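A quick note: this is a predicted structure, and the numbers were derived from the prediction, not measured. Counting begins at 1 with the first residue of the sequence.
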Amino acid sequence: MSEQPVFFFDCDNCLYHKNYGIQAMMRERIVQYFERMGFPQEEARTLRERYFLDYGLSLRGLIKHHQIDAVEYDKQVDGTLPLEDVLKPDPELRDMIHGLKIRKWVFTNAYLPHAERCLKIMGLSDEFEGITYANYKDPDFDCKPELASFKRAMKEAGISDPSLCYLVDDSGANIDAAKALGWTTVHVADDPATSNHGDYQIDDIHSLHKVLPDLWK
């Protein structure tokens, strides 16, 4: 039996628009976590940014250099985000995703509880077959844009042919990594006209069907 193509959807700042400000709230909570560890605010902000750039997630730098408990970190950072006050059901997005003719899978660098909260609030939980997430219980967990993360997503989704994989993501680095692997990629960009990432560029997830119309009913 031939493999069926899979469309991988990033979650944060992709399924919902970055204008909700959730990323800024998350960054502030990470800085506060550093401060509770004893770092002055300016150093906390510097470390948050440095670890994010060096390791893809600030959390990975915290694990590597400070041996923190990642699950407890998640409770104090992502777990305290007021998602229910910010996000809302998105019937238009649900209809668009529902009309996609191929398999659908969430692929996020967040821990599972955060991804599940987002999907539930937006009314999207039953639109996806599964979720590939950063497993904070594993001290050596991988995450996008690392090759291991993409291979793990393919394995969990049960697909081996990269030419049958699609990704929509707001991160240029993640898009570049997927494209190098042979995936078809759509960059959710601040300015699609100037983005040099991916096969297609859009400014909002609701436009996804417009760049790949053959995949929709």
Engineer: For the atom pair CG (Asn13) and CD (Gln23), what is the distance rounded to the nearest 0.5 Å?
Structural biologist: 4.5 Å
Engineer: CE/Met154 to OG/Ser160 distance, rounded to the nearest 0.5 angstrom?
Structural biologist: 6.5 Å
Engineer: Nearest 0.5 Å, please: how far is CD in Glu84 from SG in Cys118?
Structural biologist: 9.0 Å
Engineer: For the CG atom of Asp169 and the OG1 atom of Thr185, what is their distance to the nearest 0.5 Å?
Structural biologist: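 It is 10.0 Å, given to the nearest 0.5 Å.
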Engineer: Enter the distance from Leu62:CG to Asp69:CG here, rounded to the nearest 0.5 Å.
Structural biologist: 11.5 Å
Engineer: Between Thr108 and Thr132, does the side chain to side chain contact (heavy atoms under 4.5 Å, CB included) criterion hold? Intermediate values first, please.
Structural biologist: CA-CA 6 Å; Thr108 177; Thr132 291; over 6 Å; no
Engineer: Any salt bridge linking Asp54 with Lys64? Criterion: basic side-chain nitrogen under 4.0 Å from a carboxylate oxygen.
Structural biologist: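 So Asp54 does not pair with Lys64 through a salt bridge.
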Engineer: May I ask you to test the Ile63-Phe141 pair for a side-chain heavy-atom distance under 4.5 Å?
Structural biologist: yes
Engineer: Is Leu147 reachable from Tyr166 through a run of hydrophobic residues whose side-chain heavy atoms are each under 4.5 Å from the next?
Structural biologist: no
Engineer: Using side-chain heavy atoms (C-beta onward) and a distance below 4.5 Å, is Val188 in contact with Val168?
Structural biologist: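 The answer is yes; the side chains approach within 4.5 Å.
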Engineer: Between Glu92 and His206, is any pair of side-chain heavy atoms under 4.5 Å apart?
Structural biologist: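 SC-SC contact between Glu92 and His206 confirmed.
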Engineer: Under the side chain to side chain contact (heavy atoms under 4.5 Å, CB included) criterion, do Val71 and Lys137 qualify, and how do the steps go?
Structural biologist: CA-CA 6 Å; Val71 175; Lys137 291 183 179 179; 3.8 Å; yes
Engineer: With ring centroids as reference points, do Phe107 and Phe150 lie under 6.0 angstrom apart?
Structural biologist: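 When the ring centroids of Phe107 and Phe150 are compared, they turn out to be within the sub-6.0 Å range.
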Engineer: Do Met26 and Asp78 come close enough that some side-chain heavy atom pair is under 4.5 Å?
Structural biologist: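 Heavy-atom side-chain distance check passes, below 4.5 Å.
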Engineer: Group every Ile, Leu, Val, Met, Phe, Trp and Tyr by side-chain heavy-atom contacts under 4.5 Å, then state whether Ile102 and Ile131 land in the same group.
Structural biologist: yes
Engineer: Counting C-beta onward and ignoring hydrogens, is there a side-chain heavy-atom pair between Lys155 and Arg152 closer than 4.5 Å?
Structural biologist: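 The answer is no; the side chains never approach within 4.5 Å.
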Engineer: Can you name the nearest heavy-atom pair linking Asn109 to Ala134, along with the distance?
Structural biologist: O-CB, 3.2 Å
Engineer: How would you list all residue pairs meeting side chain to side chain donor-acceptor pair (under 3.5 Å) that involve residues 208-217, not counting sequence neighbours?
Structural biologist: none
Engineer: So do the side chains of Leu59 and Val77 get within less than 4.5 Å of each other, counting heavy atoms only?
Structural biologist: no
Engineer: Any idea which heavy atoms bring Thr80 and Arg29 closest together, and the distance?
Structural biologist: OG1-NE, 2.9 Å
Engineer: With a 3.5 Å distance limit and no angle check, can you tell me whether Arg103 reaches the backbone of Phe8 through a side-chain donor-acceptor pair?
Structural biologist: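 The answer is no, because no donor-acceptor pair under 3.5 Å joins these two groups.
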Engineer: Does a salt bridge link Arg27 with Glu49, judged by any charged N lying under 4.0 Å from a carboxylate O?
Structural biologist: no
Engineer: Please answer: with hydrophobic residues joined when any side-chain heavy atoms are less than 4.5 Å apart, are Leu15 and Ile175 in the same cluster?
Structural biologist: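 Looking at the clustering, Ile175 is in a separate group from Leu15.
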Engineer: Decide whether Leu83 and Leu112 are clustered together by the hydrophobic rule: side chain heavy atoms of Ile, Leu, Val, Met, Phe, Trp, Tyr closer than 4.5 Å, transitively.
Structural biologist: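 Linked, Leu83 and Leu112 end up in one cluster.
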Engineer: Glu146 side chain to Cys143 main-chain N or O, any donor-acceptor pair under 3.5 Å?
Structural biologist: yes
Engineer: If the threshold is 4.0 Å, N to carboxylate O, is there a salt bridge linking Arg94 and Asp126?
Structural biologist: yes
Engineer: Is the cationic atom of Lys104 (NZ for Lys, CZ for Arg) positioned less than 6.0 Å from the six-membered ring centroid of Phe9 and within 45 degrees of its normal?
Structural biologist: no
Engineer: Does atom CZ of Phe52 have more than 12 heavy-atom neighbours, drawn from other residues, nucleotides or ligands, at distances under 6.0 Å?
Structural biologist: no
Engineer: Using modelled atom types and a 3.5 Å cut-off, is there a donor and acceptor pairing between side-chain atoms of His187 and backbone atoms of Asp170?
Structural biologist: yes
Engineer: For residues Ile159 and Val6, report the shortest heavy-atom separation together with the two atoms involved.
Structural biologist: CD1-CG2, 3.9 Å
Engineer: Using 30° and 60° as the class boundaries, would you call the ring planes of His66 and Phe34 parallel, tilted or perpendicular?
Structural biologist: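 Judged by the thresholds at 30° and 60°, the geometry between His66 and Phe34 is perpendicular.
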Engineer: Could you please spell out the steps behind the side chain to side chain contact (heavy atoms under 4.5 Å, CB included) verdict for Glu72 and Lys75?
Structural biologist: CA-CA 5 Å; Glu72 184 57 36; Lys75 291 177 182 176; 3.8 Å; yes
Engineer: Run the side chain to side chain contact (heavy atoms under 4.5 Å, CB included) test on Ile97 and Phe128 for me, step by step, so that the C-alpha distance in whole Å, both residues' side-chain angles and the decisive distance to 0.1 Å come before the verdict.
Structural biologist: CA-CA 9 Å; Ile97 293 174; Phe128 298 98; 3.8 Å; yes
Engineer: List the steps and the verdict of salt bridge (Lys or Arg N to Asp or Glu O under 4.0 Å) for Glu28 and Arg45.
Structural biologist: CA-CA 9 Å; Glu28 199 55 40; Arg45 294 190 185 282; 3.2 Å; yes
Engineer: How close do Ile68 and Met37 get, heavy atom to heavy atom, and via which atoms?
Structural biologist: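 The pair with the smallest heavy-atom distance is CG2-CE, 4.2 Å.
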Engineer: Checking Arg60 side chain against Tyr55 main chain: does a donor-acceptor pair fall under 3.5 Å?
Structural biologist: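 Yes, Arg60 side chain to Tyr55 backbone: donor-acceptor pair under 3.5 Å.
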Engineer: Considering residues, nucleotides and ligands other than Lys101, do more than 12 of their heavy atoms fall under 6.0 Å from its NZ?
Structural biologist: yes
Engineer: Would you say the side chains of Glu116 and Ser125 form a donor-acceptor pair under 3.5 Å?
Structural biologist: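 Distance-only check fails for Glu116 and Ser125.
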Engineer: Are His114 and Tyr136 close enough that their ring centres sit under 6.0 Å apart?
Structural biologist: no
Engineer: Would you check if Leu93 and Leu124 make a side-chain contact, meaning some heavy-atom pair closer than 4.5 Å?
Structural biologist: yes
Engineer: Would you say the side-chain atoms of Asp161 and Ser163 include a donor-acceptor pair closer than 3.5 Å?
Structural biologist: yes
Engineer: How long is the span from the OG1 atom in Thr46 to the CZ atom in Phe39, to the nearest 0.5 Å?
Structural biologist: 11.0 Å
Engineer: Taking Ser149 for the side chain and Pro145 for the main chain, is one N or O donor matched with an acceptor at less than 3.5 Å?
Structural biologist: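 Answer holds: no.
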Engineer: Check Leu212 against Val186 and note the closest heavy-atom contact, atom names and distance.
Structural biologist: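 Taking every non-hydrogen atom into account, CD1-CG2, 3.9 Å.
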Engineer: Looking at Asp190, I'd like to know if its CG atom is crowded, meaning that more than 12 non-hydrogen atoms belonging to other residues, nucleotides or ligands lie closer than 6.0 Å.
Structural biologist: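 For Asp190, atom CG is not crowded (no more than 12 foreign heavy atoms under 6.0 Å).
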Engineer: Between Tyr73 and Tyr33, is the ring centre distance below 6.0 Å?
Structural biologist: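 Yes.
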Engineer: So, Thr194 side chain and Asp191 main chain: donor-acceptor pair closer than 3.5 Å or not?
Structural biologist: yes
Engineer: Restricting to side chain to side chain donor-acceptor pair (under 3.5 Å), what partner residues turn up for Thr184, sequence neighbours left out?
Structural biologist: none
Engineer: Between Asp199 and Trp183, what is the shortest heavy-atom contact and its length?
Structural biologist: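 That would be OD2-O, 3.7 Å.
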Engineer: Linking I/L/V/M/F/W/Y whenever their side-chain heavy atoms sit closer than 4.5 Å, directly or via other members, would Met96 and Phe7 fall into one cluster?
Structural biologist: yes
Engineer: Are any of the side-chain heavy atoms of Lys144 and Ser171 separated by less than 4.5 Å?
Structural biologist: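 Sidechains of Ser171 and Lys144: no contact.
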